[in-house]
Amino acid sequence: MKEGDNIVQLEYYGALLTESDTLYIGELLKKGNLELNKFDKNGIPNASIQDFTLQMSLYLQDPIIQNLVLGVSGGAIWDALKLSAVFIWNTVKERHWNSKERRENHTINFGFKYSTKNGDKINVNLNGDLSPELLDKALDVLPTLIRESNEVNHPMNSGFYYFDKDQNKWIDLDVLEEVRKRHYKKKR
């Protein structure tokens, strides 16, 4: 595993991206002086909360977050991250992964992961049901969300954000409440 302040971790399931896809993502990140580190999550179960779990993500380490928050060389870094995110989104938006537990196909949740200065773990979902225009808009306002979420304490030390198409803004979803609602709905 690579170490350093400019490392971006790509978490994914092996079958979702090809080796040439990951090489290309690495080249895009180099434009922002960033390096790619890959982590294949095959074999890690997450069935009960799969809608609130990113099957594929770019994990941003603290020095990268601080550059974005403070605006220090943030433009080139953000451009490289945005190009990489758009490439990954376009590559996986029509793909599905199979849940062995339920024998169902599921849309791949892709997005960014990062930790705030308070230690909160943040997941930002760039769902495949966004249009390319909305994806672009969501990515344009994502640095603002990163800055703002860095100043907020999230319940249970985590936040799961999705881009609301109707409101054109990032919404923090209470994952525990959503899981609870689904659980009670199944019991009925």
Which pair of non-hydrogen atoms, one from [X] and one from [Y], has the smallest distance, and what is that distance?
X     : Y      : answer
Lys38 : Gln9   : C-NE2, 4.2 Å
Trp89 : Pro132 : CH2-N, 3.9 Å
Leu58 : Ser84  : CD1-CB, 4.2 Å
Ser20 : Thr18  : OG-OG1, 3.0 Å
Gly32 : Ala80  : N-CB, 3.4 Å

- Item | Counterpart residues, ring-ring contact (aromatic ring centres under 6.0 Å, His included), relative to Tyr24 (two or more places apart) | Phe87
In Å, rounded to the nearest 0.5 Å, how long is the span from [atom1] of [X] to [atom2] of [Y]?
X      : Y      : atom1 : atom2 : answer
Asn125 : Asn109 : CG    : CG    : 4.0 Å
Leu126 : Ile88  : CG    : CD1   : 9.5 Å
Ile65  : Asn150 : CD1   : CG    : 7.5 Å
Leu139 : Leu145 : CG    : CG    : 11.5 Å
Leu29  : Ile7   : CG    : CD1   : 10.0 Å
Asn6   : Asn37  : CG    : CG    : 11.0 Å

- Indicate whether the side chain of Tyr12 and that of Thr22 have a donor and an acceptor atom separated by less than 3.5 Å. no
- Message: Does Lys137 have more than 12 heavy atoms from other residues, nucleotides or ligands lying within 6.0 Å of its NZ?
- Response: no
Please say yes or no: joined through hydrophobic side-chain contacts below 4.5 Å, possibly via intermediate residues, are [X] and [Y] part of one cluster?
X     : Y      : result
Leu83 : Leu17  : yes
Ile77 : Tyr59  : no
Trp78 : Tyr114 : yes
Leu28 : Leu23  : no
Leu10 : Val8   : yes

- Item | Side-chain heavy-atom pair Lys165, Leu130 within 4.5 angstrom cut-off | yes
- Is Leu68 close to Leu81 at the side-chain level, that is, under 4.5 Å between some pair of heavy atoms? yes
- Message: For Ser149 and Tyr161: C-alpha separation, side-chain torsions, deciding distance, then whether side chain to side chain donor-acceptor pair (under 3.5 Å) applies.
- Response: CA-CA 10 Å; Ser149 66; Tyr161 288 86; 5.1 Å; no
- Task: Look at the aromatic rings of Phe163 and Trp170 and report parallel, tilted or perpendicular, splitting at 30° and 60°.
- Result: perpendicular
